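Notes follow once the structure below has been shown.
Sequence lines set the chain letters: A, B, ... in the order given, protein chains first and strands last, and positions in each chain run from 1. Predicted model, so just to flag it, every value in this text is computed and none were measured.
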Amino acid sequence: MRHLLSINDLNKEQALEILDTALEMVRVNEGPVKKLPTLRGKTVVNLFAEDSTRTRISFEAAAKRLSADVINFTAKGSSLSKGESLKDTAMTLQAMGADAVVIRHPASGAAHQLAQGKWVSGVVINAGDGTHEHPSQALLDSFTIRQHLKGGSGDLSGIRVAIVGDILHSRVARSNILLLKKLGATVVLVAPPTLLPYEVERWGVEVSHKFSEVIPTVDAVIMLRIQQERMSDLYFPSEREYSTLFGINAERLALTKKGSIIMHPGPMNRGLEITADVADSPQSVVVEQVSNGVAIRMAILYLFIAGSQESGL
Amino acid sequence: MSVALNSADIGRAITRIAHEILERNSGSESITILGIPTRGADIAYRLASSIEAIEGSPVQVGALDITLHRDDLRMRAPRALMETKIPPLGVEGRTVILVDDVLFSGRTIRSALDALGEIGRPQRVQLAVLVDRGHRELPIKADFVGKNLPTSASQSVKVHLSERDGIDEVTIEGQVL
């Protein structure tokens with residue numbers, strides 16, 4: 001059984017296959033009938049032990065467009081909030097015959113645990129685990145970059161991407177770094193030293209603390225959300241100072257390369273890491289990232305579930 | 001291995017089908033030709049240029065990938081998707097001519113009809129194939145056939161086209177059991 005737990009589960013060819021498949025899915029999503037019979041009779045469980053809007057509805061829309069049955073399972077209003085363990089929850093899902101479990105969990109490694117513990121027989125898709133990885137987000141980001149800067153085909157060689165903000169807590173950053181490098185792009189991390197992980201220089205990326213100097217050199221800027229819920233310590237003196245040094249605003253937008261794009265995985269803290277005029281500017285592709293997200297997740301569900309062995313129960 | 005059609009045979013078959021399509025549809029105005037990738041699409045483009053040469057006006061031609069509509073997805077490893085390319089006039093209200101290289105069980109064509117339904121509602125659908133090798137598993141019949149090739153189910157029919165394989169040739173491989 002193949003799972004999608006980390007970007008490292010994919011080699012370059014497999015990653016490109018997902019992007020190419022997503023391109024066809026975009027065509028389906030633009031057509032008059034947004035429904036395919038591909039996963040009819042399959043069950044996809046969305047197990048979301050952490051709050052999420054766009055990832056959950058994106059996976060739900062993707063599964064429904066491929067005709068799979070979708071069961072949504074969120075922490076609030078389920079036994080997870082009564083203290084049920086992940087294993088017991090997983091065994092319940094197993095008993096329901098899930099062909100795939102899409103899991104979002106606050107603990108890093110939860111998706112691995114679910115897959116390696118063999119608690120479920122279906123495919124496990126990591127939809128974000130703690131501060132570890134968020135592979136589908138990275139795939140949709142690379143897809144969006146490829147659509148705008150590489151004419152929608154091939155790899156990302158020659159593209160330079162800045163990832164700006166809270167690298168320390170960001171699973172989006174980790175998955176994006178792995179995938180962008182795999183696809184041949186150059187990555188520059190821009191953050192205050194307090195928000196960079198230990199030994200980040202070993203990741204094979206450039207690091208800068210001067211956003212305004214980096215901006216004119218890159219083709220795409222990925223802004224990260226300041227994750228207040230993960231910040232127990234003081235990582236920067238004030239929101240205002242962070243915003244001045246590491247936020248994107250109209251002045252910084254004016255420094256960008258012609259044709260470059262501004263991205264944000266959402267949800268945005270308007271006024272903190274990105275100002276409203278930048279978020280709504282023509283260079284911002286935030287809304288497109290969301291619609292590409294559905295296509296990428298359709299591609300992932302198709303490639304990982306179709307043809308997988310029937311569960312051995 | 002035996003050669004069932006050589007390059008000249010294939011060329012003649014496509015020219016004849018082009019004339020038959022024009023005769024049946026009183027010209028090329030109402031038709032949209034959609035080939036099923038990969039080799040069905042190659043043949044569709046050849047048919048279109050053959051029709052254009054006869055009529056002297058451009059023909060609506062494209063490709064229709066049917067992978068996501070296959071009924072054997074459960075059993076097989078997922079396949080990479082091919083490009084679907086619908087010509088500018090679309091399929092709504094048109095006479096769509098589906099084109100494939102080999103007609104065998106009929107399942108591909110059933111999938112293609114489903115895929116077509118997602119794009120629009122054609123006035124009518126006709127089917128053109130280079131080779132009909134029999135062994136239908138569904139009630140499907142071709143309107144235009146290049147060559148009927150009686151085969152045993154244990155044999156396989158291979159279509160080679162110069163665009164892709166460097167040579168125009170249809171061969172039958174394997175023994176009659």
Could you measure the distance from the [atom1] atom of [X] to the [atom2] atom of [Y]? Nearest 0.5 Å is fine.
{"X": "Leu81(B)", "Y": "Met25(A)", "atom1": "CG", "atom2": "CE", "answer": "5.5 Å"}
{"X": "Leu68(B)", "Y": "Lys35(A)", "atom1": "CG", "atom2": "NZ", "answer": "13.5 Å"}
{"X": "Asp20(A)", "Y": "Met82(B)", "atom1": "CG", "atom2": "CE", "answer": "11.0 Å"}

Heavy-atom count around [X] [atom1] within 6.0 Å, excluding the residue itself: above 12?
{"X": "Arg121(B)", "atom1": "CZ", "result": "no"}
{"X": "Gln14(A)", "atom1": "CD", "result": "yes"}
{"X": "Glu137(B)", "atom1": "CD", "result": "yes"}

Spell out the residues in residues 94-111 of chain B that have some non-hydrogen atom less than 4.5 Å away from a non-hydrogen atom of chain A, in order of number; otherwise answer 'none'.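 So far as heavy atoms go, nothing in residues 94-111 of chain B approaches chain A to under 4.5 Å.
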Side chain to side chain contact (heavy atoms under 4.5 Å, CB included) assessment of Glu83(B) paired with Leu23(A): CA-CA 9 Å; Glu83(B) 192 186 16; Leu23(A) 193 58; over 6 Å; no
Looking at Leu36(A) and His69(B), what are the two nearest heavy atoms and their distance?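 Minimum heavy-atom contact is CD2-NE2, 3.2 Å.
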Between Glu118(B) and Lys34(A), is any pair of side-chain heavy atoms under 4.5 Å apart? no
